Each structure stands twice: as structure tokens, then as C-alpha cells.
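These numbers were taken from a predicted model, which means no experiment stands behind them. Just so it is clear: chains get the letters A, B, ... in the order the sequence lines come, proteins before strands, and each one is counted from 1.
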Amino acid sequence: MAYDFKNIEKKWQARWAAEGTFVTREDASRPKFYVLDMFPYPSGAGLHVGHPLGYIASDIYSRYKRLKGFNVLHPMGYDAFGLPAEQYAIQTGQHPEVTTEKNIARYRQQMDRIGFSYDWTREVRTCDPDYYKWTQWAFLKMFDSWYDNARNAARPVSELVAAFEQGGSAAVNAACGDVKPFTAAEWKAFSDKEKSDVLMQYRIAYQGETAVNWCAGLGTVLANDEVKDGLSVRGGFPVEQKKMKQWQLRVSAYAARLLEGLDRIDWTDSLKEMQRNWIGKSTGCEVVFKCLTDGQESDVTIFTTRADTMFGVTFMVLAPESDLVPRLTTPDRKEAVEEYLAYVRKKTERERIAQTHTVTGVFSGSYGINPLTGEQVPVWISEYVLAGYGTGAIMAVPAHDSRDYAFAKKFGLKIVPLIEGCDVSEESFDAKEGRMINSGFLNGLDVKEAIPAAIEYVERHGLGHRKVNYRLRDAIFSRQRYWGEPFPIYYKDGIPTPLPEEALPLRLPEISEFKPTEDGQPPLARAKDWTYEGWPLETSTMPGFAGSSAYYLRYMDPHNDKALVRPEADGYWRNVDLYIGGTEHATGHLIYSRFWNKFLYDLGIVCEDEPFRKLINQGMIQGRSSFVYRIVGTNTFVSCGLKDAYETTEIHVDISLVRGDRLDLEGFKAWRPEFADAQFVLENGEYICGWAVEKMSKSMFNVVNPDNICDDYGADTLRLYEMFLGPLEQSKPWDTKGIDGVNRFLKRFWRLFYDGDRFIVTDEAPTPAECKVLHKLIGKEQADIESFSFNTTVSAFMIALNDLGDCHKRAILEPLTVLLSPFAPHIAEELWEACGHAESITFARFPEFDPALAADDTVTYPVSFNGKMRFTVELAKSLSREEVEAAVRAEPQTAKYVGGGQIVKVVVVPGKIVNFVVK
RNA sequence: GCCCGAGUGGCGGAAUGGUAGACGCGCUGGACUCAAAAUCCUGUGUCCUAACAGACGUGUGGGUUCGAUUCCCACCUCGGGCACCA
């Protein structure tokens, strides 16, 4: 019987499905382990070989943990709401549900062929009403919560109302928007509408006017992480800033905890760093500057991290969008300011980014008073100050801030250096080092001492206070789209009102067309009778990250219609032990999920405050494109090695026509009509193609479909090969060339069990050498899998097979099969069965590692000799140290050491020196 | 501009202070075969040499060390992230 992977894989996949081999239940008698893949968005293109890389790794780890006795939760589902299906629907009229369903079926089929050990009974789809019921439910909880800074947790709004009734707005310390202070009496006198407006400033899910990234091309707003370089990540359409009323999540309230939590989880440093940058903590202080506007006095609060430079403030700057602008503009400057604001508004986000270093601004007419010196400085307005960060106003210190410096140079403002010996004639001195000058009470201090000293002074004199700012913004949660979760909100007398829980799920209505309405309303405005008890329902839908923020919790208890997750299920599975996925979610999904989870934690719904304990980013698999070279003006193609002698055009050629860089000439002619009569200039009788590593894409003809690999080599080879390509976390090109090597390995493995049709496994006792090979592999595999070094494990298997030679002993081969099963489960099952086991190898135990059996015959340690010198001696374990030293002394001529400073390495076996290397 | 990460044969990559290049691909020669495929064996960093031997060799230049791909400093190149965040 030859290794017939086709039938073997079909047989075992059917068997796993029929027997429910991977169906998982809570089991308090075994330790749990939760292995999760980032669930895919089912696109129309299907999977290419890059997609399963992470899934294969997680599957290996899951199977390994099962062998180690863990109760493993390893689920899969689909992130099924999203833009592409909707765009397709707009173009074709095809309902997104239909295309999504079709794509999911395709994905499932492709995944099943690879032999993953998912528990499919736990599958979730974000577009399923039974699923999005809980997305909507979480939203309602956020709507009904506020963030208590004092207790550092979300609390129910009812407690907030009670506090207002007791002591007005001063009674709480909350993360909130701009609220005019009010007393308890005032609160009680507010109308329903006024109360609603005030509470909205406190809710964790709230509605508010904000500058959003508006993408006209997609007809919707986008979150910051959905925009890159002023273009939408999906579609690449220009994005502009626009003020709109939107649902938002108060993620910023959690900034400190999101930052602090990073220290307690096992993610890569680079990923943590990305999140730290995104959260962007900076410590400084807020200082109040009195400002004079035509004799009128008002307070302007600024934020600075460089309180030490306050003596060098020579002007102030407001963000154009700041509320302070109208207040601080004097009548005579009004026209100029209006003109400038119009100019700024006209600019798109893209232009702002492109023109980062062009300096623009306008003088407001007001003057600020430096609280330390009493000096008056002009107040300017410029787009280089951002409304959304700090207070939207800054003190400018041109000598020690490059942006302020450029501004001062452009508008001829004063520059006062504050650090001894610095030269500010050409550029600012931004470094935080040196001795302070021109700075009153700070003179003589080092910058590092001056910063805290200045802050302390400011606080002591009531000029301001210490303050920590974060860059992290609240998440915009509305999308003007159809294919997403509807908001469980209706407008009663214009007041946003939550639906009662019993009304969930609020199902997505059928509509005739998926486009926005003619008057610019979201598609849901087309729905007939989109009302609740006669009141209009919200017409925007939730963004893509809504459904993916808590899906890992739903897998724990996927069919529960009474709760997001039963406390017992949550208490058992707790959180994800290993999460594998792409790095592209670093500042999107992975922030939102952590936020969402912490919110649920505050409410006591989940028991862990971090959702993902360990996270691995798998690298991308790039395509390896092949090229042919057409001589300009002809239909003649010249082989790569000879192309420099001609003037040629490089043409992508479909990689299915190329094997080992050699072009299939007949296949090429048949590929496209225009190549039918192609001529070739060959080298050594062959046409050699050029190649390059590029993104895997249809247009470059370099897409490799895993189905084809499964047809030609089998799923086990695909799995092994993807792991063998290189370290999991690294990006690497797919190159089918090397795949024969791992395929050959599996065939060799098979032949240890079968000689033709004859099963040749014997019950003979293994030799120590054979035991050593086995146990070395056990140790290596254990260590490597735990450190996610799967490529070296595959190599170790090949080495073991080389070392084992012609061993057909059951005592070696059975454990070897168990070791192989996480990587190549189908062949392992087949051989396991052939060895007489009735139960799936999934339920076998990982062989016990005995380091003594794996140990080398020789051991290495240093030996001192002649005072200064030390020998590194590798010797048989049976030899004592004294014997080695004696052996070395006994054969000095063999040692031929060269004297002072030289090190000698000796390899000794009992009785004699066999190798003596002088380094 | 700032912050990470990486540079090793023809190729993918091993080795984190101790014989650099494991393992695989490719290539060389051979066995089996009428032949091919498959399989097995042999060799394969560079230079020099008939061979033995030898010299050089992990992006570049320094340093620490008896010893550095590995640790430290500077630089170069590539990849990724952030980017008017005061």
C-alpha cells in the first residue's frame, strides 16, 4: 500500500465529523486551554495559501495541548458583516446575505480540506440575529453605563442619576464630555430632553457631535484605524473631516487601564509598542493663561509637557476648530480669521497630511498673559494645533519646539532660548537636556529637574495642575451602511431611547436597494415601517469591529439565548490562552476587544479583564511571481539568463505554467491567444523565468490555492510545508519548489510501516540509539512547540528519520506517530489505526520525555590548565574530570597548544583523545 | 522626524557565548531501470591546491572576551509602526 493521501484524508475528515471527535465540553476534571484564531471575513476570492498559515499553527498547538491532557477549546466562525458584500450588493442587487452565505460555504469547504480540529458545533457568524442580539445587548449596557473615575470602573446610569439628585454635577468624578456644572436643584428642574442631553455626555455609548472621517466614496464615516494616509483602508477613497452627530464609545475613559494591562499580557513587544503609541500617554500639566480681548479678560487653559519652558513662551496658538476662537477674535481681526477658517475647512485630511510642513496661521487680536512673567504674548490660530488633543490651545516656545520654531520664523515672532549654550539661530533645541537660563527661579537647574520643579510651582500658586493626556480617541460607532448590526435605539420625541432587552435582536429589515437614499440618509431609511411603537428607529448601523469585539466570549456558550455567556462557562474557559492572527489588527480590533472586555468585566459579566493572554502574529505569505521577457516589438521571448543582450519587456506569467523556474512552453502558448505563435530564445534547451517576491494577488498571477496543493500533495504536506517555510511570525514568500522535500518525508515515514502492501512493524525491543533518537525528538518538539518554533520541529522530524534508518519497531514508531499527529493528522490517524488502535490518535497521550535517554554520550565542560588556560573538554560521560585532565596532559603533543591566550577544545572518548582542535 | 525589528551559501532557513551553514530545496556524480518516474547512495560556503594541507567567511567599522552570527558602540541597507499629540 503506497501512501494514498487522497483517500486517507477523505476518510479521516469524514470520520472526525461523524464521530464528533473535536466537540468540546466543559470538564472540571481537566485543565482548560483556549486556542483562538482571528475569525476571517469571508471574501468572494476564497482562501489562498497565506490565509491558513495561522490556522495551521493554532491547530498544531491545539492538537498538541490535547495530547498533553488539556481540554482544548478551539472554535471558528465568521466576521460576516462588512463593506465588500454590501458594495457587491449595490452593484449587482444580490442580497449581502446571499453572497455572504455562499462565501462562507466556500471558506468552510476549503478549511475542511486542511483537516482542522475545530469544534464546528460552536461556530458563530456576526450577521446571525442570534449572535448580534448580544452585540446589541452589549451596546445597551454601554448606553446604560457611565465611567466613574473615582472607582475606575463603569457603573450603571441609575447611580449617576441618584448622585445628581443628591449633589448635582459636582457629586461625581466621571469621564465625560463638556458639561456645564449644575446643582441638584437644577438637575431636578431639567426637562426630560435636558436630562437626556446631560446624561448623554456621561454614557459609555453616547451620541455626540464630532469631527469624523467622512468617506464620500463609501458614503460613510470611518474610524481612525480604518483610514491610512487620508484614504480609506477599504477601497482607497479620499477621506475628509466633517462634523457630524454620531454614536461613539467612550474608549478614552479606559486609556489608562488599556495601557497598564499591556504589562500583564504575553504579547510581542512590537505589538505592545504599537498599542502604547496608539494610546499615547503623555504626562504634563494644564496651565491657565489669562487672555485680553479688547480689554475683556477670559481664561484659556493650555496643556504642556514642558512646563520648564514657560519663561520662553512668546505666543499662544489655538486650533481653528476650538470653541475659543470666536471668543478671542477681536472685531478688527474677524475678517482675516474667518477667511483663514474657511481655508482650513476646505482642506481635506489628505491635503493636510501632504502639506504637513507648510506653516499657516492668523493672528486673533487677543493677547495672553504669561502667568510666570506677566508678559503679554499674541494669540494666534493655526491648523498645526489639533482641536481633539489636550485643550485645543497651546503655549508656544519656539526656542525649544520645532513646530513653534517654524511658526515663529514664518510670522516673525520672538524666540527666547532657555538652555545654556544652545544655538537657536537655525533650528530649535528640542532635547530635554542642559542647564536652564533666562528662567527666573528655574535658572541653573538641569532640564530634568526643572520640569517637576515648574509643575510644582504651578500647582502651589494655583496656576494649573498636573495632568495626563492620552491620544486615544473615543471610537466612532455609527456607519451609514446597511450590512451591519442595527442600533437598538429609537427616538421618542426626539430623545434617543433604548429598546427593552426583550425586543432584541432588532433584526435588520429588508430593503429594496442598498444605496443611501437620494437625500443622503443611510440605506435603512428605505426600510418600510422602520419604527418601534410608532417612533422612528436609528438608521445607521454598527461598524465592523462591533461584532468582533466579544466573539471569543460567545464561543464559550454559543447557543445560549438567555445570556451572552453563562457565568459557569465563562468561569471555566475564562479567557483566550493563545490568540493567533495578523498584526493589521493591532490598533483596531485588539484595542476595541480589550476595551469591550474590560467594560463587561466592570459589570461583572466576565471574570477576566484581559481577553487574550498570549498573542502571536503570524507573518504574511507573499507570492513568488514569475516573469517572461519579450523582445520589444516581437513575439519572441528570451530566457532570463540571456535577457540582458536584448531590449525586453517583463511580463507576469501564470505560475501554474512554471515549475522550478522552467517555463512550460506549450502551456504558455495555450495560455493566451496572443502567445500562440510565440518564439523562444532558450538557454541549455530550456526557458528559465525571472522571479520576484510580491503580494499574492490575482493580477500578478501568483496566487496559490490551497485546494490545488491538497490535490497534488495532500493536506498533511501542505500543513507541514507551511510550517517548514520559516518562523511563524516572519513574512516569507510562498515557493512551491521546496514542497517535494516535506512530501518525500511523509512518504518515507509511511514506508517505515509498510513495504508495499506488507505491514512491517515489529515488536522487537529498541536499541539505546533508537531510544535516543526518539527522546531527542520528544524533547525538541516539546520545547519548540511551546516557543512556536514549528519550522525547527519539522526539521527535527527529518533529522530523526535520517538517524533512525530502517527501524520498524513498534516501541519507536507508535510514539513517533503521536509526535507527528499535530502536524500531519491524517497520515498519523491512518498509521495509528494500522498499529491496532481503535480510538482516534486525538485521544492518545504525548510521549513522556526522558532526558536521560536523550542525552549525548559526551558532555562538555571547561578544564583549567596551566593557570590561565582553560580547556573546553567534551568527553564521554563515563570519564571523570581528573581522567580528562590526565588524558590531556598525557598527550601534550596531540594538544599542540600554542601557549598564552589560546584555547583548546578536546573531544575525548573513553581511553583516548579522538579530536583535538586548537582554535 | 520618532519608535520597533531584521541583515548568515544559488534559495528557504539552523545555531543566542564554544567545530557557522543543521534540515530542506536546487545542483554534481553514481546505483536500480530498455527508458522514464519513483527510490536510494555521494558530494556541494568562497579562494588556493592534482591531492593533503591552508587562507578567508554571518551587512560595514570599532570594542568586550581565551573565544562573538550571538553581547556593547557607531554606521549602512531593508522591512514594519507612528507621525504637526505640544
Side-chain angles (χ1 to χ4, degrees), chain A residues 2 228-229 268-282 284 302-307 309 316-317 319 352-353 355-359 382-397 400-404 406-407 430 469-473 583-584 586-587 617 619-620 624 660-661 691 693 720-721 724-727 729-745 747-748 751 789 791-802 860-862 868-874 897-905 907 915 917-919:
Chain A
K228 200 175 158 60
D229 299 330
T268 59
D269 289 340
S270 68
L271 195 64
K272 287 187 185 180
E273 201 55 34
M274 269 190 237
Q275 291 217 341
R276 286 195 188 103
N277 288 342
W278 191 259
I279 295 166
K281 178 177 179 169
S282 55
I302 59 94
F303 173 73
T304 181
T305 55
R306 292 293 302 273
T309 61
M316 293 171 67
V317 190
R352 273 208 184 191
I353 287 165
Q355 303 165 12
T356 293
H357 294 291
T358 51
V359 180
S382 172
E383 58 181 333
Y384 87 88
V385 175
L386 305 175
Y389 184 76
T391 60
I394 62 156
M395 63 177 211
V397 186
H400 302 292
D401 182 288
S402 53
R403 296 154 305 185
D404 298 345
F407 196 83
D430 291 14
N469 262 329
Y470 296 93
R471 249 187 52 193
L472 185 71
R473 306 291 157 82
T583 182
E584 66 272 18
T587 51
N617 288 124
M620 287 223 290
R624 189 179 191 275
D661 285 340
W691 59 272
V693 171
L720 271 175
Y721 186 54
F724 186 64
L725 271 175
E729 301 181 69
Q730 203 170 294
S731 285
K732 55 234 161 189
W734 177 269
D735 183 356
T736 313
K737 247 181 7 196
I739 200 167
D740 293 301
V742 289
N743 188 238
R744 212 166 280 155
F745 160 76
K747 288 193 232 169
R748 279 178 68 190
R751 284 201 304 271
S789 179
N791 56 328
T792 51
T793 312
V794 180
S795 294
F797 261 108
M798 294 177 173
I799 295 168
L801 224 55
N802 287 343
T860 311
Y861 64 91
K868 262 169 88 173
M869 285 183 67
R870 278 173 319 218
F871 293 81
T872 302
V873 176
E874 199 176 306
Y897 72 87
V898 197
Q902 290 285 351
I903 282 304
V904 182
K905 182 165 182 186
V907 181
N915 187 9
V917 187
V918 182
K919 286 296 285 181

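Atom CD1 in A:Ile739 sits about 21 Å away from atom P in B:rC11, given to the nearest Å. As rounded to whole Å, 5 Å separates atom C1' of B:rC23 from atom CD1 of A:Ile799. In this structure, the CD atom of A:Glu729 is 16 Å from the C1' atom of B:rG13, given to the nearest Å.
For A:Thr304, whose side chain is taken as the heavy atoms from C-beta onward, the closest listed nucleotide among B:rG13, B:rA22, B:rA86 is B:rA86. For A:Arg751, whose side chain is taken as the heavy atoms from C-beta onward, the closest listed nucleotide among B:rC82, B:rC4, B:rU39 is B:rU39. The side chain of A:Phe724 sits closest to B:rC23 out of B:rC23, B:rC82, B:rA86.
Residue contacts for A:Ile394: at a heavy-atom cut-off of 4.0 Å it reaches a base atom on one of the strands shown. As judged by a 4.0 angstrom heavy-atom cut-off over every strand, A:Asp269 is placed among residues making no nucleic acid contact. If you check every strand for non-hydrogen atoms under 4.0 Å, A:Asn791 touches sugar and phosphate atoms only. Counting any heavy atom pair closer than 4.0 Å across all strands shown, A:Pro733 reaches no nucleic acid atom.
By the rule that a glycosidic angle within 90° of 0 means syn, B:rG63 does not qualify and counts as anti.
The side chain of A:Arg748 contributes an N or O atom lying less than 4.0 Å from OP1 or OP2 of B:rC40. Between B:rA86 and A:Tyr384, no contact under 4.0 Å exists linking OP1 or OP2 to a side-chain N or O. For A:Ser282, a side-chain nitrogen or oxygen approaches OP1 or OP2 of B:rA86 to under 4.0 Å. When the side-chain nitrogen and oxygen atoms of A:Arg744 are compared with OP1 and OP2 of B:rA38, none of them lie within a distance under 4.0 Å. Not one side-chain nitrogen or oxygen of A:Asn743 sits closer than 4.0 Å to the OP1 or OP2 atom of B:rG24. Between B:rA86 and A:Arg471, no contact under 4.0 Å exists linking OP1 or OP2 to a side-chain N or O. Under 4.0 angstrom from either OP1 or OP2 of B:rG13 there lies at least one side-chain N or O belonging to A:Gln730. Of the side-chain N and O atoms in A:Lys732, none sit less than 4.0 angstrom from OP1 or OP2 of B:rG13.
Within 6.0 Å of NZ in A:Lys281 there are 12 or fewer heavy atoms belonging to other residues, nucleotides or ligands.
In this structure the side chain of A:Tyr721 never reaches within 4.5 angstrom of the side chain of A:Phe745, judged on heavy atoms.
From A:Leu725, atom CG reaches atom CD of A:Gln730 across 10.5 Å, with rounding to the nearest 0.5 Å. Expressed to the nearest 0.5 Å, how far CG of A:Asp404 lies from OH of A:Tyr384 amounts to 3.5 Å.
Although no hydrogens or angles enter the test, the distance criterion places a donor-acceptor pair under 3.5 Å between the side chain of A:Asp430 and the main chain of A:Ser402.
For B:rG79, the paired nucleotide is B:rC4, the pair qualifying as Watson-Crick or G-U wobble because both relevant distances are below 3.5 Å.
Of the two residues near RNA chain B, A:Ser270 and A:Pro727, the one whose nearest nucleotide lies more 5' is A:Ser270.
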